[in-house]
Amino acid sequence: MTGDRWADWQWFRTELLAWYAQHGRDLPWRRTHDPYAILVSEFMLQQTQVVTVIAHYQKWLKQLPTIQTCAQAQPQDIFKLWEGLGYYRRATYLHQTCQIIVREYGGKIPQALDTLITLPGIGRTTAGGILSHAFNLPTPILDGNVQRVLSRLFALTTPPHRNQKQLWHYSQRLLDPVAPGRFNQALMDVGAGVCLPKDPQCGRCPWQNGCMSTQTQQQHDLPVREPGKEIPHRTIGVGVIWNAQGQVLIDQRPSTGLLANLWEFPGGKVEAGESVPDCIRREIYEELGLEIQVGEHLITVNHRYTHLRVTLVVHHCFYRSGIPELRGCQAYAWVELPDLCRYPFPQANQKIIQALQESPIPPYPLEMGGGRVQSK
DNA sequence: CAATCGTGGGT
DNA sequence: TACCCAAGATT
């Protein structure tokens, strides 16, 4: 690159598209022209790697093959299909977006960028991805891959999150106006498979001869990243509360905040100087108004979120008295173990469920009414 | 604009 | 093990 010459930009496009024809990934959402399917893939791919998305993508489209079926689905089904993918707000946003498109746009995805980004969960990158991929419209994208590729290609020494305007400019300027769909897909493939965060594979890069950071051996130092912050840790006491019918109590988390709308085994943060059984007894009373007896330890689960680490100390518990009140949750349910799979749970709770299914059901304490009542 | 929002892969 | 990073959007 010796200047802002048309031939230089065209060279990037030609090289990239030629490389893509040989080395592009074969992905499920590249085998369809259905804009709805592409919309689904774009939502799932937000901050989530391809290998993680594929199974969920295929299951989703099998159960909700059209935008109409998605719009009409129950929230519980939406969350169940999203289970395990994380960032669960995306599921609600996708559901809402499909409902709006069906209701207000005749089931056709709007092809105007300004319209698309007004829909829930659709920002500029997702909108650009949909428009370029589904309709071959010349809309740029700027995901993590593209930010890294562009930072190296043009040797941009400002951290990407402080340099969004310039990065968008480059993404727009570089975009192939004839084949924007394939170009954007190719750009992300370079980021995901060649221009790796650590150990960039410059020898396999179609842009090796035009990359400014490679010429000065800066590619390992770009993009510039700022040090992260420390992640706090909490210990959480969790109760698997059994009733005399052999059912366990679960609750649905609030509609906002961490793991919104998902189901869980009730519990809460262990306060300073408090024992775990005391914590569980207190939390169950505060959140549900139930009196329980805390029993033996079931499992301890360590889990990491983006901004939080938790240790879940889980105990078997036994219902004594009270009717559940909805204080810190949306709903509750007494369920038998085989029915737990009907409810969407976060990953940390999946480990509890697995432990439950592998461990024998604890005997109901004799002093609390004798043997278990066999339900049905 | 900084914080929030999950989970799995890779080093 | 302990990080970093991922087809980001929202508030």
Side-chain angles (χ1 to χ4, degrees), chain A residues 24-25 27-30 38-57 79 82-94 96-97 116-134 139-149 159-165 167-168 171 181 183-193 195-200 220 223 225-233 253-262 264 301-310 344-351:
Chain A
R25 290 175 291 181
L27 303 174
W29 43 91
R30 290 180 181 173
I38 291 169
L39 175 78
V40 172
S41 77
E42 292 290 342
F43 270 80
M44 290 186 170
L45 286 162
Q46 291 171 1
Q47 288 290 285
T48 309
Q49 291 185 336
V50 163
V51 286
T52 308
V53 165
I54 289 177
H56 282 85
Y57 170 84
F79 284 117
W82 203 269
E83 188 178 53
L85 262 185
Y87 285 163
Y88 295 93
R89 287 187 302 188
R90 296 181 292 170
T92 298
Y93 289 149
L94 175 55
Q96 291 172 341
T97 280
L116 261 190
I117 59 180
T118 66
L119 298 173
I122 299 184
R124 195 170 167 189
T125 287
T126 298
I130 294 168
L131 293 179
S132 64
H133 185 184
T139 49
I141 57 174
L142 191 60
D143 64 358
N145 287 317
V146 177
Q147 295 184 34
R148 183 173 57 259
V149 172
H161 74 97
R162 299 189 186 283
N163 199 25
Q164 293 289 292
K165 188 174 179 181
L167 286 165
W168 275 110
S171 183
F183 180 92
N184 280 340
Q185 297 296 311
L187 189 52
M188 288 187 283
D189 278 12
V190 168
C195 197
L196 306 178
K198 300 171 181 175
D199 190 29
H220 294 276
R225 37 187 172 271
E226 295 178 331
K229 296 176 180 176
E230 274 199 25
I231 301 173
H233 175 269
R253 294 175 60 85
S255 58
T256 59
L258 188 69
L259 304 168
N261 299 303
L262 296 198
E264 66 176 1
V301 177
N302 284 300
H303 197 77
R304 167 185 54 85
Y305 300 101
T306 305
H307 296 289
L308 183 67
R309 295 174 189 277
V310 296
F345 284 91
Q347 203 55 35
N349 277 253
Q350 299 289 354
K351 300 175 187 174

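Order of the sequence lines fixes the chain letters, A, B, ..., with proteins taken first and strands second; residue numbering starts at 1 for each chain. For the numbers below, each heavy atom of this structure counts, side chains included, while hydrogens, waters and symmetry mates do not. Nothing here was measured: the structure is a model prediction, and the numbers come from that model.
Look at A/Lys198 and you won't find any side-chain N or O under 4.0 angstrom from OP1 or OP2 of C/dC3. For B/dT7, one of the phosphate oxygens OP1 or OP2 lies less than 4.0 angstrom from a side-chain nitrogen or oxygen of A/Tyr88. Put simply, A/Arg89 has no side-chain N or O that comes within less than 4.0 Å of OP1 or OP2 on C/dG8. For C/dA7, the OP1/OP2 oxygens have no side-chain nitrogen or oxygen of A/Gln47 closer than 4.0 Å. Within the structure, a side-chain polar atom (N or O) of A/Thr126 is placed less than 4.0 Å from OP1 or OP2 of C/dA9. At least one side-chain nitrogen or oxygen of A/His303 sits closer than 4.0 Å to the OP1 or OP2 atom of B/dT7.
Looking at heavy-atom distances under 4.0 Å, A/Gln347 makes contact with sugar-phosphate atoms alone, never a base. Nucleic acid contact for A/Leu142: none, since no nucleic acid atom lies under 4.0 Å from a heavy atom of the residue. Among the heavy atoms of the strands, none lies under 4.0 Å from A/Trp82.
Atoms CZ (A/Arg304) and P (C/dC3) sit 11 Å apart, rounded to a whole Å. C/dC5 atom C1' lies 15 Å from atom CG of A/Leu45, rounded to whole Å. Rounding to whole angstrom units, NE2 of residue A/His233 and C1' of C/dA2 are separated by 14 Å. One interatomic measurement links the two molecules: CG of A/Leu308 to P of B/dT7, which rounds to 12 Å at whole-angstrom precision. One interatomic measurement links the two molecules: CG of A/Leu259 to C1' of B/dC5, which rounds to 9 Å at whole-angstrom precision. The distance from atom NE2 of A/His307 to atom C1' of B/dA2 is 10 Å, rounded to the nearest whole Å. One interatomic measurement links the two molecules: OH of A/Tyr305 to P of C/dC3, which rounds to 19 Å at whole-angstrom precision.
One N or O donor and one acceptor, one from the side chain of A/Thr48 and one from the base of B/dG6, sit under 3.5 Å apart. A/Gln185 contributes a side-chain N or O that forms a donor-acceptor pair with the base of C/dA7 under 3.5 Å. Side-chain N/O atoms of A/Thr125 and base N/O atoms of C/dG8 include no donor-acceptor pair closer than 3.5 Å. Contact annotation: side chain of A/Arg25 to base of C/dA7, donor-acceptor pair present below 3.5 Å.
The A/Met188 side chain lies nearest to C/dA7 when the options are C/dA7, C/dC4, B/dT7. Distances were taken from every side-chain heavy atom of A/Tyr93 (C-beta onward) to each of B/dT7, C/dG8, C/dT10; the shortest belongs to C/dT10.
For A/Gln46 and A/Arg90, the side-chain atoms include no donor-acceptor pair closer than 3.5 Å.
Here the side chain of A/Thr97 pairs a donor or acceptor atom with the backbone of A/Tyr93 at under 3.5 angstrom.
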